[in-house]
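Have a look at the structure below before the remarks.
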Amino acid sequence: STQSGAAPTIFSSGAALCGVLAMSEPLVGGIGSAAWELEDTIRDVHVEEYPSDPEARQAYFDAARADAHYKKGLLALVALSVVETPTWCQTSSSLFASVDPDSQCTIAGVDHEEILLSNIPYIPPGWGIAIELLVMLVILRKLRLEWKLQSKYFDPLRAQYYSLRTIKVLLALVVVEVVDCIVFVSFQPGFRLAFLSRTGLLWLLPGVQSLAACFVAVIGEFVSISVFLVAAIVFFTWITVCIFADMDDLYNGAPVNKGLDTFMNTLDTMWVAGTTDAFVDRFLPTYSKYRSTGLLWLLFLVIVHVLFLSLVLDTLVSAYTEYHEESEKHAYHEKMHAVTKIFKKLLASSEGSSEKLSKDAFVEFTQEFSNSPCNRPISEAMAGDMFRAVNKRGTGDLSKKEFLDACRLITLHPWTTRKFSALEKRYPGLWESAGFQWFKEQVDGEDKRFDGFMNMVLFINLGLVVIETVYDMNDWQETPLMESLELIFAFVYLTEVCLRLSVYSWQEYWAFGSNRFDFFTTFALLGSSAFELFLSESGNAANLKRYMNILRLLRLLRMVKQIKRMRSVQFMVNTVIKLVLGSKDILTALGVVIYFFTMLSIQLWGGLLYSTNPALEETSWKESKWFVLNFNDFLMAFGVWIVTLLCEYVPQFTQAIARASSIPGCWMIFPIFYVVGVMIVFELVKAFTIEMFMDLNKKRNEEEQHGGPFIFRPLAELEKDFAERDIGFHYTMGSSGLMEEE
């Protein structure tokens, strides 16, 4: 969408356009190498030397397209994991037959209603294997092209572009997946190893690997303080078991020392009490019977829960913040060094001044940059406009500082659209008429009065939604006028879309995310209103009423773009967007961790947790009636790990698995997830969001002190120039924010 009023970062998170066909053949020598290096710098990839052979550049194009297909293949594997038939279910009847999950996932002697599934259809195992093998072929092609590029073109330069070690690991993972598929088809065992290779493929994504380096950097300080936490828990466990192990008193009919009778039971109790909020239930019996134990539990909670646990988390956050700041400084210097190299390469490959870059060389450079399948093409006309915008001196060449500004513009991936609709050319009489020009001024003028009119319509519609909700909640019969207004408003919004398209071209209209949102919600609401009217006439609308009310609320979302004009709301919206975009890598790492434990738990515990399982009698899982929280398929297991992530350590699951599973010690997976998933990865996610929010808030305060946001002059001039020429100008902002001078 169009952005304005802010300085772009020269190094955004990278273009998400891989797969676009190259515009022309890659260039030989410095210009091709410079374009290649700028593209890599955007992606935080730094190589000292690039091959000058145009075949190497073409090989990179092929590898980039293969990498785009590879990432889509990984998404396909994750989607397959969601819908594939769990291995504990019966798959021996037919590998390619579609079977109802309730009939397929059964346990002898157990009613199928007791086995709670996610109620989604499963893909037949045979088709799932076929999809897996197809994805493996896509991955193999990527590995082959990357191996060729590294060994043939970069090894002779003693430079590493792709890690051959990583390629070998990926190849081993593919072999494991293929062998697992063959074994499953041949013997159909109740356990598969495919989840290991899939997790490995996801973990080796570049963004996740950068976070893995962060984990390694901060793990030392985390472990150093964690030792004190564990030692304190073990120490209090020893004291507690010495006090309560031999007590025979009862509390509410149960032993007062329940959970404190043996060392292992006491260790579990102290672990739960020290790391979660469940200490009340664990200490309540002894405290109710012996008030003096309150002093012991208070000392334990202060030392373990308040002091050491907080120190563990604070140490992790502090170490991450320090690492992140150092990484940003290092990245800044790396990128400045790369820009200097690129500028020197272009000077060396062009004719003219040895200190200034000519316009022709710059245009040629942008065209070569556009050749990459990962970049949005930049036309020669756009390149010329960019050159004029950054050339402050008005000469025919660029200084190093001006070239830096030009790189900022290039990495925004700008594009233009025809601003006004085809009516301007096809029906000039209508377009130039006084009435249409008046309407155009209402839509596209500075005041945008048409937006104000639609705001009034939205507020009226808001009142209608509130009234309809009151009627529905009280089961009142709606008046015929209210039912008609539902459809009338839907057509009003459709008319709004048509009127805007009579002024703006489709490309200009579609370039804005708010317009795309309006377009989809308009047609969704129109369809739902018409569908509801049709069902009401046929007498079948009663059960659909509650769902139609949900769709009506979509209209209220249109109000969001109106309140975005408030500065405080703008800040929060921009902060949320930057947080989501900037946390992509760390959220991916968290997702990989949850994915691994989800897939592992399905293999180990699928079909074990159900309400009538005799092994689960008197467990807190059954007493809490958590029957829907099980590991029977992907979505059900995923829900368990999300609950565990947000509620930290949940002892109900640990106790249930310890009772139901025949695998000794497999319940230890839950404490491992607590340490890895909750205490490390999830805390890093929170540390990242806090740090980014504080950074954005600091920049906001600095802008207010300077009288407003910093305006990147070349970008502002481009916007002004295109606006005067009635051309739509658009670009994408990077997720890493502004590039600031140190």
Side-chain angles (χ1 to χ4, degrees), residues 1-4 8 10 12 14-28 30-39 41-42 54 57-58 60-61 64-65 342-343 346 349-350 357-391 394 396-398 402-422 424-425 504-512 712-734:
S1 60
T2 297
Q3 307 280 345
S4 62
I10 180 175
S12 63
L17 302 171
C18 287
V20 180
L21 294 178
M23 295 175 62
S24 60
E25 293 296 325
L27 296 176
V28 182
I31 292 183
S33 175
W36 192 348
E37 186 163 2
L38 177 60
E39 182 178 344
T41 305
I42 296 172
R57 181 82 163 134
Q58 185 60 53
Y60 164 72
F61 290 167
R65 295 189 188 93
I342 293 169
F343 187 66
L346 292 175
S349 61
S350 62
L357 184 66
S358 67
K359 178 180 179 180
D360 291 340
F362 173 75
V363 172
E364 191 175 10
F365 168 69
T366 59
Q367 299 314 290
E368 177 59 23
F369 181 81
S370 301
N371 279 339
S372 173
C374 291
N375 298 325
R376 184 187 294 274
I378 300 175
S379 66
E380 292 189 15
M382 172 65 76
D385 291 328
M386 293 164 63
F387 182 90
R388 288 190 295 273
V390 300
N391 189 212
D397 47 31
L398 297 180
E402 291 171 338
F403 178 73
L404 174 61
D405 288 342
C407 287
R408 289 178 172 177
L409 291 178
I410 290 174
T411 55
L412 291 176
H413 305 286
W415 77 98
T416 59
T417 60
R418 188 182 75 249
K419 184 172 183 179
F420 295 122
S421 70
E424 182 182 17
K425 302 296 183 182
Y504 298 120
S505 68
W506 171 256
Q507 294 80 6
E508 176 72 8
Y509 177 85
W510 200 250
F512 292 89
F712 182 43
R713 187 194 60 82
L715 180 61
E717 290 186 2
L718 275 180
E719 291 178 323
K720 179 181 178 181
D721 178 52
F722 283 115
E724 292 175 350
R725 292 153 56 186
D726 288 338
I727 297 176
F729 176 67
H730 310 277
Y731 55 91
T732 56
M733 287 293 290

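FYI, the numbering just counts along the sequence from 1.
The side-chain hydrogen bond (donor to acceptor under 3.5 Å, both in side chains) check on Glu424 picks up nothing, with sequence neighbours excluded. For Asp721, the salt bridge (charged side-chain N to carboxylate O under 4.0 Å, His left out) partners are Arg725, not counting sequence neighbours. With sequence neighbours left out, the side chain to side chain contact (heavy atoms under 4.5 Å, CB included) criterion links Thr417 to Trp415, Gln507, Glu508, His730. Every residue two or more places apart in sequence or in another chain that forms a ring-ring contact (aromatic ring centres under 6.0 Å, His included) with Tyr60 is listed here: Trp36. Checked against ring-ring contact (aromatic ring centres under 6.0 Å, His included), Phe403 has the following partners two or more places apart in sequence or in another chain: Phe343, Phe365. Considering only residues two or more places apart in sequence or on other chains, Arg388 meets the side-chain hydrogen bond (donor to acceptor under 3.5 Å, both in side chains) condition with Asp385. Lys359 is linked by a salt bridge (charged side-chain N to carboxylate O under 4.0 Å, His left out) to nothing, counting only residues two or more places apart in sequence or in another chain.
Residue Met382 comes nearest to Thr416 through the heavy atom pair CE-CG2, 3.2 Å, listed as atom of the first residue, atom of the second, then distance. Shortest non-hydrogen contact noted between Gly728 and Lys419 is N-CB, 3.8 Å. In terms of heavy atoms, Ser372 sits closest to Arg57 at CB-NH2, 4.4 Å. Gly396 approaches Asn391 most closely through the heavy-atom pair N-OD1, 4.1 Å. Taking both residues in full, the closest heavy atoms of Ala64 and Pro373 are given as CB-CG, 3.9 Å, listed atom of the first, atom of the second, then distance. Here the shortest heavy-atom pairing between Ala383 and Phe362 reads O-CE2, 3.5 Å.
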List the steps and the verdict of side-chain contact (heavy atoms from CB on, under 4.5 Å) for Cys374 and Glu39. CA-CA 9 Å; Cys374 291; Glu39 182 178 344; 3.5 Å; yes
Evaluation steps, side-chain contact (heavy atoms from CB on, under 4.5 Å), between Glu717 and Phe712: CA-CA 9 Å; Glu717 290 186 2; Phe712 182 43; over 6 Å; no
Should Arg408 and Asp405 be marked as a side-chain contact (heavy atoms from CB on, under 4.5 Å) after you check the CA-CA gap, both sets of side-chain angles, and the distance that decides it? CA-CA 5 Å; Arg408 289 178 172 177; Asp405 288 342; 3.5 Å; yes
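Phe729 places a side-chain heavy atom less than 4.5 Å from the side chain of Leu715.
Although no hydrogens or angles enter the test, the distance criterion places a donor-acceptor pair under 3.5 Å between the side chain of Asn375 and the main chain of Phe369. Using a distance-only test at 3.5 Å, with no hydrogens or angles considered, a donor-acceptor pair links the side chain of Gln367 to the main chain of Ile378.
If you take CD on Glu364 and CG on Leu357, they are separated by 10.5 Å, rounding to the nearest 0.5 Å.
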